[in-house]
Every structure is written in C-alpha cells, then in structure tokens.
Amino acid sequence: MYPLGAAARLSYNAHFVARTNMSPSRLLHPVCTALSAAAVVAAGAWGAHWLQQIANAPPIERKPLLLAPMLGVLDSCILLPDTTATELGQRCTRTGGSASALIEATLTPLEPLPSHTPAPYRLGYTLQAPLLQLFRPQGNDWVIDQTRVARLVQTVQDNPRPVVLYLFATHFPVDAPLERALAANPDNLLHTPQGPLPVDSYFGIPTYPWTFVRTDTEITSRRVQATRALLNGLCQLPATDRAKIEGITLLGEVHHLFPDFQGGMGWKPPYVVTDYSPTSVQGFQRYLAQHFQHIGRLNRLLGSQYRSFAQVQPPSLDLRTAPQASLAQHLDSFAHGRLPVSGWAFAPGMKQPWIHIYRNGHWLGRTGVHMRRDDVRQVHPGVGEPDTGWRMDLDFRPWPHGTHRLDIFLETTPGKLSHLDTRHVTVMTPAGQQPSTANLGAARPVPTGIPRPTGMLASVDMPTEQQTLYYNPLAELWHAFRGQQVVEYVQFFNQVVAQSCLSATPRYIHQLLAFPNAGWDESKYAVDASLQAGHSQALADVRLGVSLYGDASYGPGFTQWLQTADP
C-alpha cells in the first residue's frame, strides 16, 4: 500500500473499465485493463477497402476508460472505525457518515492535469464490500450490521464518481468473527479424499476452503443474506446515484483448492485436490450418466466393468504408490493427458529466445522464453532478466504406449538451435505395465545443434528423466466436472444480483489465471470453464474478469490468450 497521509490507502487492487458500444467491457484485477475490439489490419485491396469503410463510418459515441482503483477505506472507516481516527475518518463514523471524503482525498491528487484535450480516462473507485464483515453477533445468531451496510450505501450516494461494486467473498479472510464460526462446520468446507480440507495459510494469513459445490450451506446463505441487504440499501438510492455503479464484481476468485495453498500449486506429489464430499461424488455420477446415457459406453472408454454409474468413484489414487488400483482410479498432475515441459533460459543480448521441442525427432512446436522466474535470479545473480521461464504443454493422449524421447532446443539466432537437454518419458499401458517400444514407429534424427553461446545459462525442469505417464479418461472427465461446479456457483450468485434493481448493471467474474505461471498446475484450480464468461451458455450474462499475477500482468501470454478468449 502507498502512504497517502490522511487520505485513504490505495491498495494493490485496481479495476479499469472501458465502456463502448462495440464490445463488452472487462474488469481485470489487480492491474486490469479493458480492451475494445482489436483492429486487424488486412493486407491487399480488401484491407484498403476495409480501412476506407472505417474512415467513412459515423463516429462511435463511447465513454473514456474508467480507472477504478480499490481504496483501503474499509478498515479505518466502514468496518472497524478507530476512536482516534483523523478528521476524515470521523466523517465516516458519525451518524450518516461515509467514506466519500477519504475517497476524494485519495483520488484528487491522481486526477489528470487540466488540458485543452479531453482526459484520456475517467477516475472512479472500486468499493469493496466484504460480505462476511456485514454481520454482528446477536445472542446465538448473526444478524446484518445495518450501520456498516448504511456506510457503504452512503458512500455511493455522497461521492459523485463512478464506482465498481466488489462483492468480496473468497477463501481469503476479511477478519470477520463469523468466519471462524462458519469454519467450525465441515459442511462449509471443501473436501479432499481424506475429508474436510483444513483451514490453511497464505503468507501468514489464514485461508478458508469454503465449499461452493452446493448452495444449501450456511456459508452460501450468509453470502446471499449480506448481498441482498447491501443491494436492498443501494436500491433505495435515487436513480442518479444508482447509475454511478458501472460494474459489479461477483465474489472474487472461485476455484478448487488443495493442501498447502502457498507452496503446493505446482506438480510435486502427492496430487490432492477437491472436492470429494458426498454431494460432489453423487454429482459426478449424475454428470457421467447425463454424458454417456448408458454405463456400457463408459466401460468401453475406460476398459472397466462398472454395473451402474452409482459404482463410479472419482479418481483419487496414484498408481505409483497404489499399484493395486485400477487405471480408472488413477489421478496425478498428468492423468488428464497433458504433460508440461518447462524450464528457463538466459542468453545475453537475445531479444526473443524461442524453445523448440521434438518428440522422437518430430518437431512439436515452439514457445517463447518470457515467463517470470524470480527463483532463477536468486540462484544466479548474474541473470538480469526476470522473465527467463518457458513452458509448453504437450497432449500425450494420442501417443503410442512406450518410451518417447523429448529433445529441447533453444533458438539463439533465427534458424540456429542449441541443444538444451533430452528427456525420456514412458506412456504406460492401461494395465500399468511398461510396454515395449516396438510400436512407436521410426524415429527421426534430431537437428544438429550449434554450440551454446557464451554466457548462456539454461535448465529443463520438467519432465523428470524416465517420467511415467498414465492417461485416465475418467480423470479428464473429473476435471471437467470440477470446472462445471465453479461455473454453476458463480452463476448461482449472479442470479442473486440479477434479481435486484441492479440487474441491468454489467456483472463480472473475478477469476484466477493459472496458466501464465510456469510453476502452477492449473488442473488443481479447475477454472478454465469459468473463463468462458460471456461466451458459454451458463455464463452468457456475465463478463470476463481475471486476477493478474506474475507474467499475466505484463507478459505476452495473457494478451494472446485474451484475443482468443474474448475477441
């Protein structure tokens, strides 16, 4: 946070909203930008004609970009007022007070300088409403703290700026007494195969593994109760004040969890994910029945002998440590058929290094060296660039059973490859036995690499040498079902907001992006389906919003993905 004297603190969170009549706006977090439809310059005569049509078209009325930083006014004003508060803080705590003065004291210094040209952006704010903080104890129950709700509502009314309302309720804490009470009930928590996932920590703060696989829990009912109380208050405002709300962010990050949330996001075994509660198991069985209609179709896919869908259990065992298990029970980071090949490379003076990967002498593709790897600089202080990481995910589902050779090269100059390393991986048979290599087909010789340039440093981290791979189609179905659970919960909460007077206000997910981070196993989070907001039928009326960490906040991987995710 930035010290701003008596003004509110500007937190690391920020929302930027662009409103046009050409494409949906987006909310991206913590450093968020909204992009209108990308212009594509076509070559030749057709391109010239297209550009001429654009030039002759009538101007499109649009609002400038809205910058809506999240302000740290809650602790000192709305939620936990300090008896020694400054004069600005006392404006919050008095009867009918609000955080408007704090917001203005913070944002006014950030206004663009006066000029003869229109300002390139509008400056608003994001008003965080931590839902579980809107309660106070009353006897053996919890009731809505109307004073806190009123301060949030009054802030919107008192401040003239546009606002993004952030209905915040994730696994991250808001230091609410209600959190500890809810966490004592295992029905409110996600489950691993061993039972409820314990309360964890992330850099010293607790994380609560709230369940979202069912909506009849107290954690969900409290979220809904707080949301409706706040929306009811906002709906009492005059229409001119309600119009200031230009976006509503739903919940925050919603995704599956796993043990050791701080350090367990990678591929190091054991692979343990959520959710294995009875509700999830039964839901997965219904999902399979709907997908396959007849158990015989699933058996043919798996080579199994289930008599009914009620016999199918979600995969949860690793054949390496539980060799008695069947393939349908197998689950690890690669069981869904994807193998990440990753590492890092540093070549002084190179603007855009490329990694090329060959399997049995056949070129599979290339990927850029642009992912953030702070750990490399810690071990090699001479490496000045933070973005030395790379990763390519390989689909090994069609590969024949047997041992495959992977060769990794670095393209140091156009067309010139330096050999980094070789890895051998074995695709195991359905019975779990290591097959022969007789059916792999003829391998090609790999390219002859040039010597490594002076000063070049590189390492291939994954896969490990002699990595074994078991493809389990049921694991792929399990992950798809887990992703559907995320989508259904976001949509449930979206409908709560849609039933209010703010139903016409754009609503956004606020989702985690795992794939741009070289060391994160995104299968643990199961967020891919939810990132189709605005396109999938389930989330057709919700717009895309993401959290940006590491490479995603500035690297090319995110912008390339965004062009395909929301064109």
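In what follows, every heavy atom counts, from backbone to side chain, and hydrogens, waters and symmetry copies are set aside. One-based numbering along the sequence shown.
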Applying the side-chain contact (heavy atoms from CB on, under 4.5 Å) criterion to Leu406, which one of Thr422, Asp421, Val425 satisfies it? Val425
Qualifying residue for side-chain contact (heavy atoms from CB on, under 4.5 Å) with Ile248, from Val542, Leu167, Val164: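 Option passing the side-chain contact (heavy atoms from CB on, under 4.5 Å) with Ile248: Leu167.
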Ring-plane angle category for [X] and [Y], please: parallel below 30°, perpendicular beyond 60°, tilted otherwise.
| X | Y | value |
| --- | --- | --- |
| Trp561 | Phe515 | tilted |
| Phe258 | Tyr525 | perpendicular |
| Phe481 | Phe284 | tilted |
| His171 | Phe261 | perpendicular |

Report the C-alpha separation of Arg136 and Val143 in whole Å, then their side-chain angles, then the decisive distance to 0.1 Å, and conclude whether the side chain to side chain contact (heavy atoms under 4.5 Å, CB included) test is met. CA-CA 6 Å; Arg136 59 179 176 82; Val143 297; 3.8 Å; yes
I need the Leu288 CG to Leu474 CG distance, nearest 0.5 Å.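 The distance works out to 6.0 Å.
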Nearest-0.5 Å distance, OG1 of residue Thr249 to CZ of residue Phe168: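 Atom-to-atom, Thr249:OG1 and Phe168:CZ are 11.5 Å apart.
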Is there side-chain contact between [X] and [Y], with at least one heavy-atom pair below 4.5 Å?
| X | Y | answer |
| --- | --- | --- |
| Ile355 | Leu420 | yes |
| Pro173 | Pro206 | yes |
| Leu132 | Arg222 | yes |
| Leu131 | Thr227 | yes |
| Val163 | Glu246 | no |
| Leu257 | His255 | yes |
| Val281 | Pro278 | no |
| Asp145 | Leu134 | no |

When you look at His380 and Trp344, which way does the ring pair (Phe, Tyr, Trp, His ring centres under 6.0 Å) test go after all the steps? CA-CA 12 Å; His380 301 280; Trp344 62 273; 5.2 Å; yes
So, does [X] use its side chain to make a donor-acceptor pair with the main chain of [Y] at under 3.5 Å?
| X | Y | answer |
| --- | --- | --- |
| Thr192 | Val273 | no |
| Asn517 | Trp520 | no |
| Thr106 | Leu102 | yes |
| Asp275 | Leu190 | no |
| Asp393 | Leu339 | no |
| Lys524 | Ser333 | no |
| Asn188 | Trp210 | no |
| Gln329 | Ser326 | yes |
| His510 | Tyr508 | no |
| Arg423 | Val460 | yes |

Output field: ring centroids Trp390/His370 closer than 6.0 Å: no
Side-chain H-bond candidate by donor/acceptor type, [X] with [Y], under 3.5 Å:
| X | Y | answer |
| --- | --- | --- |
| Tyr489 | Thr220 | yes |
| Gln485 | Arg482 | no |
| Ser523 | Tyr271 | yes |
| His356 | Arg366 | no |
| Gln491 | Asn494 | yes |
| Ser530 | Gln511 | yes |
| Arg148 | Gln133 | yes |
| His424 | Glu465 | yes |
| Gln467 | Thr464 | yes |

Starting from the C-alpha separation in whole Å, work towards a yes-or-no answer on salt bridge (charged side-chain N to carboxylate O under 4.0 Å, His left out) for Arg373 and Asp387. CA-CA 6 Å; Arg373 287 287 300 267; Asp387 304 325; over 6 Å; no
Go through the steps to decide whether Leu513 and Leu531 satisfy the test side chain to side chain contact (heavy atoms under 4.5 Å, CB included), and finish with yes or no. CA-CA 9 Å; Leu513 277 183; Leu531 293 174; 3.5 Å; yes
Got a salt bridge between [X] and [Y], using NZ or NE/NH1/NH2 to carboxylate O under 4.0 Å?
| X | Y | answer |
| --- | --- | --- |
| Glu179 | Arg223 | no |
| Arg377 | Glu385 | no |
| Arg320 | Asp332 | yes |

Sort out for me which residue in Trp478, Tyr470, Tyr471 forms a ring-ring contact (aromatic ring centres under 6.0 Å, His included) with His330.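 Of Trp478, Tyr470, Tyr471, ring-ring contact (aromatic ring centres under 6.0 Å, His included) with His330 is met by Tyr470 alone.
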Shortest non-hydrogen contact from Leu152 toward Ala129: CD1-CB, 4.0 Å
Under the salt bridge (charged side-chain N to carboxylate O under 4.0 Å, His left out) criterion, do Arg359 and Asp395 qualify, and how do the steps go? CA-CA 12 Å; Arg359 179 179 67 88; Asp395 181 358; over 6 Å; no
Evaluate Thr217 against Thr211 for side chain to side chain contact (heavy atoms under 4.5 Å, CB included), listing each step before the verdict. CA-CA 8 Å; Thr217 56; Thr211 187; 4.0 Å; yes
